[in-house]
Protein chains: 2
Amino acid sequence: MSFQSHNHRQCIKRGVQHATDQCEKAGLQLTPIRQRVLELLLTEHRALGAYDILEKLSEDGWKSQPPVAYRALDFLVQHGFAHKVERLNAFIACTTPETNHNPAFLICRICEAVAEIHPQLSRGALGRTAKDAGFVIEQAVVEAEGVCPNCR
Amino acid sequence: MSFQSHNHRQCIKRGVQHATDQCEKAGLQLTPIRQRVLELLLTEHRALGAYDILEKLSEDGWKSQPPVAYRALDFLVQHGFAHKVERLNAFIACTTPETNHNPAFLICRICEAVAEIHPQLSRGALGRTAKDAGFVIEQAVVEAEGVCPNCR
DNA sequence: ATTGGAATGTTATAATATATCACTATGAAC
DNA sequence: GTTCATAGTGATATATTATAACATTCCAAT
């Protein structure tokens, strides 16, 4: 859980390693830009906007235009290495890439930290209501905003 | 449930009536623009972007600029007469204004219909996970995308 | 060597959202 | 009745987020 103090260097390392392995296995290209964007996302448990990413890329010497950031982010999201937080129009590295994915997010409105969690929603009230309505859920955005334990 | 066939005229009437009453009671001003925007939202069980609203307003003869739409929408959202669908960056009229509010949405990716539902999330897996983490949820965005019964 | 695909570079622009200041009307306080 | 404060609206400008479209590069397969 990203709210708790933890060895953060490990998060970054694990994230990159997992993406590297996954891409290797699936024949995907974790190109320098894609890897760099993933690293940038992994450096904080906070959601970054595409333009934040762009700015950081340009600090690295990449003088990139918006599509570059969006393409890299799309790639990462598409393959589960990152997620989009709709509430913030921003992106965050996946912190549980091993887990089967129906991520939900806890967003602290004070420190902006974001934690990825995995409640079993489909079995709960939402899934039941949808089923009763004859609605087939393909994807669910679940984002709770509030105050994290550290900011209380 | 907005997916089912129903007397839709009733939806509009009820929505406007409820807002009128509520505003009366609470000393809020349901001004012509605010009421018109609410009506526009109520005419479809679909989310409309602020600029869709603007366009429709201008068809009515209001030659309005973006802030006009956003202000009206903010008012409606703030007082629970409408909701923002984050996934779509768009707005939808509240269809259950009487109910206590923790709305969730079912969004059909085919016909774009949106249904507002009220699962008891806080009691479910999400609430439990948050509580265990020491996170206090103030507001939750829950938006499921999939296929509605009519489009299957 | 040529072709075809995937990634990136580049320019332009679309779509969504807000800051700011000016103006108007209304009603409360004096 | 005038003054004042407030809420709403009008209007201009600009910020923020996102994508379309086309050119270029690189590499692998034929």
Side-chain angles (χ1 to χ4, degrees), chain A residues 19-20 22-24 26-38 40-41 46-58 60-79 81-92 107 112 114 141 143, chain B residues 19-20 22-38 40-41 46-58 60-79 81-92 107 112 141 143:
Chain A
T20 307
Q22 253 351 70
C23 288
E24 175 79 18
L28 304 170
Q29 299 183 52
L30 189 64
T31 61
I33 287 195
R34 291 171 176 174
Q35 173 163 343
R36 186 68 189 123
V37 171
L38 177 57
L40 290 171
L41 291 177
R46 227 168 41 89
L48 298 179
Y51 285 76
D52 296 332
I53 295 288
L54 264 180
E55 198 175 321
K56 299 198 182 220
L57 282 179
S58 92
D60 289 358
W62 265 299
K63 293 289 160 38
S64 300
Q65 298 301 309
V68 171
Y70 281 102
R71 284 172 190 151
L73 289 165
D74 282 352
F75 172 87
L76 296 173
V77 168
Q78 186 134 16
H79 298 98
F81 307 134
H83 302 293
K84 180 168 187 185
V85 182
E86 297 290 345
R87 181 61 205 264
L88 305 175
N89 293 322
F91 301 82
I92 189 158
I107 306 166
E112 300 187 296
V114 176
V141 171
E143 300 170 356
Chain B
T20 307
Q22 254 349 71
C23 288
E24 176 79 18
K25 247 195 268 182
L28 304 170
Q29 299 185 54
L30 190 63
T31 62
I33 288 195
R34 290 170 177 175
Q35 173 164 345
R36 186 68 189 121
V37 171
L38 177 57
L40 290 171
L41 291 177
R46 225 166 43 87
L48 298 180
Y51 285 76
D52 296 332
I53 295 287
L54 265 181
E55 200 175 320
K56 299 196 183 223
L57 282 178
S58 92
D60 289 358
W62 264 299
K63 293 287 161 39
S64 301
Q65 298 300 310
V68 171
Y70 282 102
R71 283 172 192 152
L73 289 166
D74 284 351
F75 172 87
L76 296 173
V77 168
Q78 186 134 16
H79 298 97
F81 306 134
H83 302 293
K84 179 167 188 186
V85 181
E86 297 290 345
R87 182 59 205 262
L88 305 175
N89 293 322
F91 301 83
I92 189 157
I107 307 166
E112 300 187 297
V141 171
E143 300 171 354

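All of these numbers come straight from a predicted model, not from anything done at the bench. By convention in this document, chain letters (A, B, ...) are assigned in the order of the sequence lines, proteins followed by strands, and residues within each chain are numbered from 1.
- Atoms CD (B/Gln65) and P (C/dT16) sit 16 Å apart, rounded to a whole Å.
- Comparing D/dA20, D/dT17, C/dT18 by their closest approach to the side chain of A/Pro67 singles out D/dA20.
- In this structure, B/Tyr70 places its OH atom 17 Å from P of D/dT9, rounding to the nearest Å.
- Each of B/Asp74 and A/Gln29 was matched to the nucleotide of DNA chain C holding its nearest heavy atom; the match closer to the 5' end belongs to A/Gln29.
- For B/Ile33, the listed nucleotide lying nearest its side chain is D/dG10; candidates were D/dG10, C/dT18, D/dA18.
- Phosphate contact (OP1/OP2 of D/dT9, side-chain N/O of B/Lys63, threshold under 4.0 Å): absent.
- Of the candidates D/dT19, D/dG10, C/dT16, D/dG10 carries the atom nearest the B/Val68 side chain, counting heavy atoms from C-beta on.
- Separating the CZ atom of A/Phe91 from the P atom of D/dT16 is a distance of 17 Å, rounded to the nearest angstrom.
- B/Leu57 places its CG atom 10 Å from the P atom of D/dG10, with the value rounded to the nearest Å.
- For the pair B/Glu55 CD and C/dA14 P, the computed distance is 15 Å after rounding to whole Å.
- D/dA7 atom C1' lies 13 Å from atom CD of B/Gln78, rounded to whole Å.
- From A/Lys84, atom NZ reaches atom CG of A/Asp74 across 9.0 Å, with rounding to the nearest 0.5 Å.
- Side chains of A/Trp62 and A/Val68 form no contact here, defined as non-hydrogen atoms less than 4.5 Å apart.
- Taking atom CG of B/Leu88 as the reference point, atom P of D/dA18 lies 13 Å away to the nearest angstrom.
- Residue-nucleotide stacking is present for B/Tyr51 and C/dT16, judged by a side-chain ring centre under 5.5 Å from the six-membered base ring centre and planes under 30° apart.
- Residue B/Thr31 places at least one side-chain N or O closer than 4.0 Å to OP1 or OP2 of D/dT9.
- Closest approach of B/Leu41 and B/Ala82 over heavy atoms only: CD1-CB, 3.8 Å.
- Contact between the side-chain N/O atoms of A/Asn89 and the OP1/OP2 oxygens of D/dT16 is not found at any separation under 4.0 Å.
- When the options B/Gln78, B/His79, B/Arg34 are evaluated for a side-chain contact (heavy atoms from CB on, under 4.5 Å) with B/Leu28, the one that passes is B/His79.
- Here C/dT20 is the nucleotide among C/dA17, D/dC22, C/dT20 with the atom lying nearest to any side-chain atom of B/Arg71.
- In this structure a side-chain-to-backbone donor-acceptor pair under 3.5 Å is missing from B/Glu143 to B/Ile107.
- Across all strands shown, A/Arg34 has heavy atoms under 4.0 Å from sugar-phosphate atoms exclusively, and none from any base.
- Residue A/Arg87 contributes atom CZ, which lies 14 Å from atom P of D/dT17 at whole-angstrom precision.
- Taking the side chain of A/Pro66 as heavy atoms from C-beta on, and the options D/dT19, D/dA11, D/dT17, the nearest nucleotide is D/dT19.
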